[in-house]
K.L.:
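Input: one structure, supplied below.
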Amino acid sequence: MGESPRRHARELVLQALYASECSDEDPGIKLQRLLEKETISENNALFAREFFAAVHRNSDKADEQITALAANWDINRMAAIDLIVLRMAIVELMEFKSVPVKVVLNESIELVKKYSTAKSSRFINGVLDQFAKNLSSISDEG
């Protein structure tokens with residue numbers, strides 16, 4: 001069996017965000033081009049657009065979380081892919097409450113394994129695991 005359609009949507013978001021880090025191309029236009037080229041359901045295309053917009057809107061908030069959680073790491077020296085995957089996961093955990101935490105963590109690790117390094121997947125897992133624990137303790141209080 002191939003990858004899940006939702007994972008494919010996340011991959012397109014990652015590609016569009018990465019392209020915008022590496023060039024001056026408008027990331028929204030890049031995402032639209034990717035969506036037009038790919039075979040993706042309207043439902044997953046909608047998810048990709050909403051997810052992309054949420055990550056774009058909340059990247060500063062996500063970066064604050066990453067900086068706090070990855071205390072020994074300079075965010076400016078992180079691999080671009082790793083940083084984008086972390087942003088995506090943190091935003092998905094904050095904004096898309098219907099997606100189970102386990103799914104977000106698993107999807108993030110799969111993206112990193114595909115686009116980055118094995119070492120990165122351990123790092124990403126550690127940061128996201130800590131963020132998820134913090135998030136659940138906040139929601140337990142509220």
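All heavy atoms count here, side chains included; hydrogens, waters and symmetry mates do not.
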K.L.:
Out of curiosity, does I75 fall in the hydrophobic cluster containing V112 (side-chain heavy atoms, cut-off under 4.5 Å, transitive links)?
P.N.:
yes
K.L.:
Check whether N106 reaches the backbone of K102 with its side chain - one donor and one acceptor, N or O, closer than 3.5 Å.
P.N.:
no
K.L.:
Grab the two heavy atoms, one from F52 and one from L17, that are nearest each other, plus how far apart they are.
P.N.:
CE1-CD2, 3.6 Å
K.L.:
Rounded to the nearest 0.5 Å, what separation is found between the CG atom of L31 and the CD atom of Q15?
P.N.:
10.0 Å
K.L.:
Hey, do the aromatic rings of Y115 and Y18 have their centres closer than 6.0 Å?
P.N.:
no
K.L.:
Closest approach of M88 and V55, non-hydrogen atoms and distance?
P.N.:
CA-CG2, 3.9 Å
K.L.:
Output yes when R49 and E42 qualify as a salt bridge under the 4.0 Å nitrogen-oxygen rule, no when they do not.
P.N.:
yes
K.L.:
Report the C-alpha separation of L93 and L105 in whole Å, then their side-chain angles, then the decisive distance to 0.1 Å, and conclude whether the side chain to side chain contact (heavy atoms under 4.5 Å, CB included) test is met.
P.N.:
CA-CA 9 Å; L93 289 167; L105 270 59; 4.2 Å; yes
K.L.:
Is F96 linked to V13 within one hydrophobic cluster, defined over Ile, Leu, Val, Met, Phe, Trp and Tyr using a side-chain heavy-atom separation of less than 4.5 Å?
P.N.:
yes
K.L.:
Is the F123 ring parallel, tilted or perpendicular to the W73 ring (thresholds 30°, 60°)?
P.N.:
tilted
K.L.:
Check the pair M78 / L86 against side chain to side chain contact (heavy atoms under 4.5 Å, CB included), numbers first and verdict last.
P.N.:
CA-CA 11 Å; M78 269 180 214; L86 281 171; 4.1 Å; yes
K.L.:
Can you tell if the side chain of N44 reaches within under 4.5 Å of the side chain of H8, non-hydrogen atoms only?
P.N.:
no
K.L.:
Any side-chain heavy atom of E11 sitting closer than 4.5 Å to one from K114?
P.N.:
yes
K.L.:
Using modelled atom types and a 3.5 Å cut-off, is there a donor and acceptor pairing between side-chain atoms of S116 and backbone atoms of K113?
P.N.:
no
K.L.:
Quick check: do F131 and M94 have side-chain heavy atoms less than 4.5 Å from each other?
P.N.:
yes
K.L.:
Transitively linked via ILVMFWY side-chain contacts under 4.5 Å: L12 with V103?
P.N.:
yes
K.L.:
Is E21 paired with R87 through a side-chain N to carboxylate O contact shorter than 4.0 Å?
P.N.:
yes
K.L.:
What closest approach, in Å, do V127 and A70 show between heavy atoms, and which atom pair accounts for it?
P.N.:
CG2-CB, 4.3 Å
K.L.:
Ignoring hydrogens, what is the shortest heavy-atom contact between A16 and L34? Give both atom names and the distance.
P.N.:
N-CD1, 3.8 Å
K.L.:
For E95 and E50: C-alpha separation, side-chain torsions, deciding distance, then whether side chain to side chain contact (heavy atoms under 4.5 Å, CB included) applies.
P.N.:
CA-CA 10 Å; E95 299 283 314; E50 287 175 357; over 6 Å; no
K.L.:
Applying side chain to side chain contact (heavy atoms under 4.5 Å, CB included), run through D63 and L83 and close with a yes or a no.
P.N.:
CA-CA 8 Å; D63 285 357; L83 182 58; 4.0 Å; yes
K.L.:
Please give me the minimum heavy-atom distance between V104 and A89, naming the atom from each residue.
P.N.:
CG1-O, 3.7 Å
K.L.:
Working to the nearest 0.5 angstrom, can you tell me the gap between S20 OG and H56 NE2?
P.N.:
6.5 Å
K.L.:
So do I109 and V85 actually touch side chain to side chain, heavy atoms under 4.5 Å?
P.N.:
no
K.L.:
Is there a salt bridge (Lys or Arg N to Asp or Glu O under 4.0 Å) between R10 and E92 once you walk through the steps?
P.N.:
CA-CA 10 Å; R10 284 183 181 91; E92 191 166 4; 2.6 Å; yes
K.L.:
Kindly give the heavy-atom pair with the smallest separation between I124 and D82, and that separation in Å.
P.N.:
CD1-O, 3.5 Å
K.L.:
Measure the spacing between CG of D74 and OG1 of T67 and express it to the nearest 0.5 Å.
P.N.:
8.5 Å
K.L.:
Find the distance between CD1 (I66) and NZ (K61) and round it off to the nearest 0.5 Å.
P.N.:
13.5 Å
